[in-house]
Protein chains: 2
Amino acid sequence: MELRQLRYFAGLAATLHFSRAAHQLHITQPALSQAIRQLESQMGARLLDRTTRQVSLTPAGLRLAHDAERILAAVAASETAVRAIAASCPAAGPATRPGPE
Amino acid sequence: MELRQLRYFAGLAATLHFSRAAHQLHITQPALSQAIRQLESQMGARLLDRTTRQVSLTPAGLRLAHDAERILAAVAASETAVRAIAASCPAAGPATRPGPE
DNA sequence: GCTGTTTACGACGACCGTAATCATT
DNA sequence: AATGATTACGGTCGTCGTAAACAGC
């Protein structure tokens, strides 16, 4: 499982629409479809009920959608915190060159 | 930021030793070094103090190490939960073929 | 017939492993 | 000199986009 998968699935779960979700995620519909299919395969569980025209979450999909948002929020929060710490600690900066001059 | 990065960083933070961490992660040292470097670049913050022979966490790295473990635990828990739900809901299985027969 | 998802296919890029280099003890 | 991390480089796999096929309203 990768964060990319969770981002895509969260976007799809929010809209329940492949086209719109793909557009919001800045990818094409086939790429999203493939990624979701791969996620389902890896999880060994069907996450969506696709009746070709109707997209709805299965119980497992609902759970994953909920968890995905929490996880993605935690990741974003951590990233913000780490950047803040680095910013307040010049010695921990990315390219803090004390330099001889 | 990807989970792969977090897994690698968590493993490295646990041992503070590239060779041992890489071995435990089933990759080579250069691959780990590259992944960590990439993570630092993307985060815009130095996560480790590498004095060539001595590896120690920066404040930002310490924070990320802590967050990474929490996030990875949440991911693992979610995966378990989703699989359990799918297992208890045959209709949500991966290849549950009701079949005409 | 049209909207919307899936499948097929080719190209680009990322990740990993091997080999060589450099630094520290 | 030996250990350990980095850099360079080539191969391979994954991911994405375009094009075509399929299904429901």
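All heavy atoms count here, side chains included; hydrogens, waters and symmetry mates do not. Since we're looking at a predicted model, the values are computed, not measured. Letters A, B, ... are given to chains in the order of the sequence lines, protein chains preceding strands, and every chain is numbered from 1.
Atom CD in B:Gln54 sits 9.5 Å away from atom NE2 in B:His17 (nearest 0.5 Å).
As a whole-Å value, the separation of B:Asp49 CG from D:dT6 P is 12 Å. Taking atom CD on B:Gln54 and atom P on D:dG4, their separation rounds to 12 Å, with Å as the unit. In this structure, the CG atom of A:Leu39 is 11 Å from the P atom of D:dT15, given to the nearest Å. The separation between A:Phe18 atom CZ and C:dT5 atom P is 7 Å, rounded to whole Å. In this entry the distance linking CD of A:Gln29 with C1' of D:dC22 reads 15 Å, nearest Å. Look at CD on A:Glu40: it is 11 Å from P on C:dT7, rounded to the nearest Å. As rounded to whole Å, 13 Å separates atom P of C:dG4 from atom NE2 of A:His23. Per the geometry, CG belonging to A:Leu25 stands 13 Å off P belonging to C:dT5, to the nearest Å.
Taking side-chain N and O atoms only, A:Arg37 has a distance below 4.0 Å to OP1 or OP2 of C:dT7.
Ion pairing between a basic and an acidic side chain is recognised when a charged N comes within 4.0 Å of a carboxylate O; A:Arg50 and A:Glu40 show such pairing.
A:Leu39 is not listed as a side-chain neighbour of A:Tyr8, based on a closest heavy-atom distance of 4.5 Å or more. In this structure, A:Ile71 and B:Ile71 have side chains that are in contact, with non-hydrogen atoms separated by less than 4.5 Å. Inter-residue side-chain proximity for B:Phe9 and B:Asp67 is flagged as unmet; no heavy-atom pair is nearer than 4.5 Å. Using a 4.5 Å cut-off on side-chain heavy atoms (C-beta onward), B:Leu48 and B:Thr58 make no contact.
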Tabulate protein N/O versus nucleotide N/O from nucleotides 11-16 of chain C, keeping only pairs under 3.5 Å, one per line.
from: C:dC15; atom 1: OP1; to: B:Arg4; atom 2: NH2; distance (Å): 2.7
from: C:dC15; atom 1: OP2; to: B:Gln38; atom 2: OE1; distance (Å): 3.4
from: C:dC15; atom 1: OP2; to: B:Gln38; atom 2: NE2; distance (Å): 3.2
from: C:dC16; atom 1: OP1; to: B:Tyr8; atom 2: OH; distance (Å): 2.5
from: C:dC16; atom 1: OP2; to: B:Arg4; atom 2: NH1; distance (Å): 3.3

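Listed nucleotides D:dT7, D:dT18, D:dG4 differ in distance to B:Ser19; the shortest reach to its side chain belongs to D:dG4.
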